[in-house]
> 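Input: one structure, supplied below.
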Amino acid sequence: MPHVGMYVCGPTVYGDPHLGHARPGITFDLVFRYLKHLGYKVRYVRNITDVGHLENDADSGEDKIAKKARLEQIEPMEVAQYYIDRYQKFMDLLNVLRPSIEPRASGHIMEQIDIVKEILDAGYAYVSEGSVYFDVKKYSESNHYGILSGRVLEDLLATTRQLDGQEEKRNSVDFALWKKASPEHIMRWDSPWSVGFPGWHIECTAMSTKYLGEQFDIHGGGMDLLFPHHESEVAQAMASHGTQPAKYWIHNNMITINGQKMGKSLGNFITLEEFFTGNNVNLEKAYSPMTIRFFILQAHYRGTLDFSNEALQAAEKGLKRLLEALKTLEKINPSAVSSVNTTEIENQCYDAMNDDFNSPMVIAQLFDATRIINSANDGKETLTAEDIICLKRIFATFLIDILGIEDEQSGNQLQLINELMQMILDVRQIAKDNKDYATSDKIRNALTALNIVVKDSKDGATWSF
RNA sequence: GGUCUCUUGGCCGAGUGGCUAGGCACCGGUCUGCAAAACCGUCUACUCCGGUUCGAAUCCGGAAGAGACCUCCA
């Protein structure tokens, strides 16, 4: 069985996961699921950054997690663990499969120090005041720093901002491989150069190399990580072992709100918990995890995706329609002749996935299948037994397995609710039989207030919510 | 300021030279005591100006607008 190694930059665990985190989570879950479906054995590594990110100048280079910890008077690892748990909880709710390995940066300090040593030995880094910096200018003499993001060194040197602490560096573009800890910095480790902490970019080089080797198949992450993070990973890999780290880079685009990137720094993000509870001024209502998942998959991962209540509600209704069709399919009796071409739909689904994981195209095919199913249920199309098997296979494979959609109404409570509802509807039917519409309407209105929809038909009433 | 990207119908969003996705909303129909829901159908767009071509949303040039990165960020 062919193997695939995939490394994706995971979250920095100093805040609650927001909609922005859902996108790479779901995007690379789609890749993971599809590659597995095709028969690849995938080792999917998604790191957790629990050390090393520097704050901006206002925080004097203090580690984000350490800062939060001092404010809250608890251990930094306690903060990290709290947000790791939160992250995993919400990814689970979004039906994002757990990666094969979820390494933490704090657990790989030795590996990071080793790579820094290698880069120093190769002559592409220098020690300054107990910190180690990557020498971008030296590296650029024999390599292209900017190969991934399309940058040119001269431009970078001309445009990089001047920040505090730059005087330790030979050039403003040089980035830290190891940082000496200031006295108040409580996350610290011993190293040959100082008691300190690793730079941001080195953790991914260390952990991807450890678990996937010097070169692996796919490296993923958000588009905002392209520069400088991934560019620097390339440089670190080239400087330490002379190879490009990844054969393919996949970057998911951003989610925007009012046309602007939804992000921590802009303060315009909505957390996943807020989506699920509806507890945010920008939300008209709560949205379920599957609505969020479907909303994200309805756009191609490379494009920006604009958040709005209208778009979320459109996704919610559309998804409901697909799931209803799946139930309708169970009720359809096969015909001798077929009036539709279901294998064509199946082929189109594979074509779409093979064309750079084009999930919106897959979804469009599923809606075509839905129209066929509903028409067949209406007697306007005919399906053979083979057609029905094929349609079931399409939904099971693409909607459930690959897009990772699950029917949220299939909980334990549902059985009880069903029985209660049946009783209520029986009572209402009696009232209707007696032409007591005041009573039947009272029941229906009360249910409507609970967001339960009653559907009257010739064969009696059904309900849904 | 530098580098890059984008601009599709009321909204969201595929599509990269001809065969004019899809969803939501609207509207029409079926169903119904009424209504809602559900289902079916309809609605034919590609920022603007030039150019290439038999033919352009799609390629080339220009303009306008928006965004991303250059600093932590998914």
Side-chain angles (χ1 to χ4, degrees), chain A residues 8-12 14-15 17-28 49 52-59 64 146 149-152 154-156 158-163 173 200 220-229 231 251-256 259-266 269 294-295 298-300 302-322 324-325 328 348 352 355 358-368 370-371 373-375 377-378 380 432 435 437 440-441 444-445 448 453-458 461-464:
Chain A
V8 173
C9 292
T12 302
Y14 64 93
H18 59 80
L19 187 60
H21 293 98
R23 192 150 200 208
I26 289 168
T27 295
F28 295 104
T49 300
H53 278 211
L54 301 179
E55 284 279 35
N56 58 29
D57 40 2
D59 295 294
K64 281 185 173 176
S149 55
R151 313 273 164 152
V152 183
E154 288 69 38
D155 294 339
L156 291 169
T159 60
T160 304
R161 270 199 218 172
Q162 290 302 309
L163 298 170
V173 283
W200 172 32
M223 196 161 269
D224 48 351
L225 298 178
L226 187 61
F227 188 90
H229 183 55
E231 193 67 60
H251 290 99
N252 64 274
N253 214 318
M254 301 293 105
I255 291 179
T256 57
Q260 264 203 324
K261 174 178 161 180
M262 184 183 283
K264 190 103 183 150
S265 51
L266 292 168
F269 62 93
F294 191 69
F295 168 69
Q298 265 191 311
H300 188 91
R302 276 187 282 107
T304 55
L305 172 60
D306 200 49
F307 158 84
S308 72
N309 281 280
E310 203 179 358
L312 259 311
Q313 284 163 32
E316 184 174 52
K317 288 192 178 178
L319 175 58
K320 190 179 170 192
R321 186 146 172 259
L322 288 182
E324 285 298 317
T328 304
Q348 295 275 349
D355 182 16
N358 195 330
S359 57
M361 191 64 102
V362 172
I363 289 170
Q365 292 301 320
L366 292 173
F367 277 113
D368 279 349
T370 295
R371 190 182 41 74
I373 291 166
N374 289 331
S375 294
N377 190 45
D378 234 24
K380 289 173 184 159
K432 282 181 70 176
K435 306 281 187 201
Y437 296 123
S440 65
D441 286 355
R444 187 177 60 193
N445 291 339
T448 303
V453 177
V454 176
K455 293 184 264 189
D456 283 327
S457 72
K458 282 186 285 221
T462 57
W463 67 279
S464 60

> Here's a test of your reading of the structure: between A:A314 and A:L305, which maps to the more 5' nucleotide of RNA chain B?
A:L305

> Work out how far the C1' atom of B:U71 is from that of B:G51, and round it to whole angstrom.
42 Å

> In whole Å, measure the gap between the C1' atoms of B:C12 and B:C26 for me.
15 Å

> Considering only atom C1', compute the distance from B:A56 to B:A45 and round it to an integer number of Å.
15 Å

> If I compare all heavy atoms of A:N253 with all of A:R302, which pair ends up nearest, and what's the gap?
ND2-O, 2.7 Å

> Considering only atom C1', compute the distance from B:U58 to B:G15 and round it to an integer number of Å.
9 Å

> Pick the closest RNA chain B nucleotide for A:F295 and for A:D368 by heavy atoms, then say which residue is nearer the 5' end.
A:F295

> With side-chain contact (heavy atoms from CB on, under 4.5 Å) as the test, would you mind laying out the steps for A:R23 and A:L305 before giving the verdict?
CA-CA 10 Å; A:R23 192 150 200 208; A:L305 172 60; 3.8 Å; yes

> Please tell me which of the listed nucleotides, B:A74, B:G22, B:A68, lies nearest to the side chain of A:F367?
B:G22

> When you compare B:C40 with B:C34, how far apart are their C1' atoms, in angstrom units rounded to a whole number?
22 Å

> At under 4.0 Å between heavy atoms, which parts of nucleotides 36-44 of chain B does protein reach? Answer with one letter per nucleotide, 5' to 3': B base, S sugar-phosphate only, - none.
BB-SSS---

> How does RNA chain B look in dot-bracket form if you count Watson-Crick and G-U pairs under 3.5 Å, write [ ] for pairs that cross, and put | where a base pairs with another strand?
(((((((..(((.....[...)))..((((.......)))).....(((((..]....))))))))))))....

> P atom, B:C70 versus B:U53: distance in rounded Å?
43 Å

> Please pick, from B:C12, B:C11, B:G33, the nucleotide with the shortest atom-to-atom distance to any side-chain atom of A:K432.
B:G33

> Could you state the atom-to-atom distance from CG of A:D355 to P of B:G15 in whole Å?
7 Å

> Could you tell me which non-hydrogen atom of A:M223 sits nearest to which non-hydrogen atom of A:M254, and how far apart they are?
N-CE, 3.5 Å

> Which heavy atom of A:P11 sits nearest a heavy atom of A:H21, and at what distance?
CB-CD2, 4.1 Å

> Nearest to the side chain of A:P228, which nucleotide is it out of B:U3, B:A14, B:C70?
B:C70

> Mind checking the P distance from B:G61 to B:U52? Whole angstroms is fine.
15 Å

> Expressed in whole Å, how much space separates the P atoms belonging to B:A14 and B:U3?
28 Å

> I want to verify a distance call: between B:A74, B:A21, B:G33, whose nearest atom is closest to the A:M262 side chain?
B:A74

> Describe, in one word, how the ring planes of A:H18 and A:F269 are oriented to each other, choosing from parallel (under 30°), tilted (30 to 60°) and perpendicular (over 60°).
tilted

> With a 4.0 Å cutoff (strictly under), does any side-chain N or O of A:T12 reach OP1 or OP2 of B:A74?
yes

> Which nucleotide sits closest to the side chain of A:Y437: B:G23, B:A74, B:G33?
B:G33

> Carefully, step by step, assess A:K435 and A:Y437 under the rule side-chain contact (heavy atoms from CB on, under 4.5 Å).
CA-CA 6 Å; A:K435 306 281 187 201; A:Y437 296 123; 3.6 Å; yes

